[in-house]
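Indexing begins at 1, ligand by ligand and atom by atom, following the structure's order.
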Amino acid sequence: MATKRILTGIRPTGALHLGHYVGALRQWVQLQDDYECFFLMADVQALTTHADRPAVIEDAVREVVLDWIGVGLDPTRPNVHFVLQSGVPELTELTVYFTMLVRHSEVLRNPTIKAEMAQLGKKKGPTLGFISYPVSQAADILLFTPYPPRKRDELLVPVGEDQVPHLEGTNVVARRFNRQYEKVFLPCTPLVGEVGRLPGTDGKDKMSKSLGNVIQLKDDPETVRKQVLQMFTDETKLRKGDPGHPEKCPVYLYHRTLGDSATLEDRASHCRSGELGCVECKKDLAKALNAFLDPIRARRAKAEKMPLGDYLREGTEKAREIAQVTMEAVRKAMHLDYPSVFNR
Ligand code: TRP
């Protein structure tokens, strides 16, 4: 039987929002039926931006587990594992070995790193840990390689589109390692969702807590309503009666992504004709989003009473079992299987 694994992860820096859902989580949920799934709580990677605020990460770990269960990830299934990154020391070890295979200049060419470095600002400059996080992410992924890799095996990584450069980098490392030493790693297969990205409620490219343009999965109905009513719409449609351009409107994009598909076409044509005003359209959206979020809120409330720590511990243990197999092969390939020198 072929081994079909998923490895993907998230940095716990706060509760998750609709952008996470559309860009990543929605797909993860569907894939649980067909794959052995490892969902990585990347608390170590979170330190790349939050080293001065470790308590924020600690609180976020709990929030993210609740959000995961809320959207329908199910750690009580035997094939679904929640893994705490800091609980897998093999990841740190593999990261160090991989840093020997990746050039500084290669990482600096990574477009996601470039964009994130620009956001960090020039004040302090990026830490070594930040610059090397794509290498540690390659370790996150490749640690879970089916081993020995066979033709029909799969290592699928469902992510938002901003992560694709990291997956390309991961496969450069995998191939380089396999060529230079032994064939240990199966290159991963990126899987990017259909929409990939939901803009913020202000219409800006990305939902991000620091921009205050998010709708969190755990927000209550009134908070969602308020946030939606503040949303930006097509700038050229100032009042009801003005013709609108749904294709340029973030509210319409939200309707299209998470709203009622049966009424979507009418909504677009009534917007274009001017018949439908933005306020009414936003009220509809608040209703639709709340209807979408209700079952998530309900599952999340139930999860509050579940043994969340046990799920993380069990998943982390399972990850370490796989890690032993991979690392044994890696150390052997890199001539790091310590006693062997003495046995020659
Ligand atoms: N970089 C990802 C993010 O910003 C989180 C992450 C860590 C990840 N390790 C991973 C994603 C491995 C996919 C695979 O959310």
Could you list each N/O atom of ligand 1 together with any protein N/O atom closer than 3.5 Å, one pair per line with the distance?
from: ligand 1; atom 1: 1 (N); to: Gln45; atom 2: OE1; distance (Å): 2.8
from: ligand 1; atom 1: 1 (N); to: Gln137; atom 2: OE1; distance (Å): 2.9
from: ligand 1; atom 1: 1 (N); to: Gln163; atom 2: OE1; distance (Å): 2.9
from: ligand 1; atom 1: 4 (O); to: Arg11; atom 2: NE; distance (Å): 3.3
from: ligand 1; atom 1: 9 (N); to: Asp140; atom 2: OD2; distance (Å): 2.7

Handout entry: Under 3.5 Å: donor-acceptor pair, side chain of Arg150, backbone of Ala2
Key = no
Handout entry: Ring centres under 6.0 angstrom apart (Phe185, Phe98)
Key = yes
Exercise for the section: Answer yes if the ring centres of His166 and Tyr133 are under 6.0 angstrom apart, and no otherwise. Expected result: yes
Exercise for the section: Start with the C-alpha distance between Lys248 and Glu235, add both sets of side-chain angles, then the distance that settles salt bridge (Lys or Arg N to Asp or Glu O under 4.0 Å), and finish with yes or no. Expected result: CA-CA 9 Å; Lys248 282 197 255 166; Glu235 290 167 356; over 6 Å; no
Problem - Electrostatic pair Asp284:Arg267 at N-O distance under 4.0 angstrom - result: yes
Handout entry: Set of residues satisfying salt bridge (charged side-chain N to carboxylate O under 4.0 Å, His left out) with respect to Lys206, sequence neighbours excluded
Key = Asp162
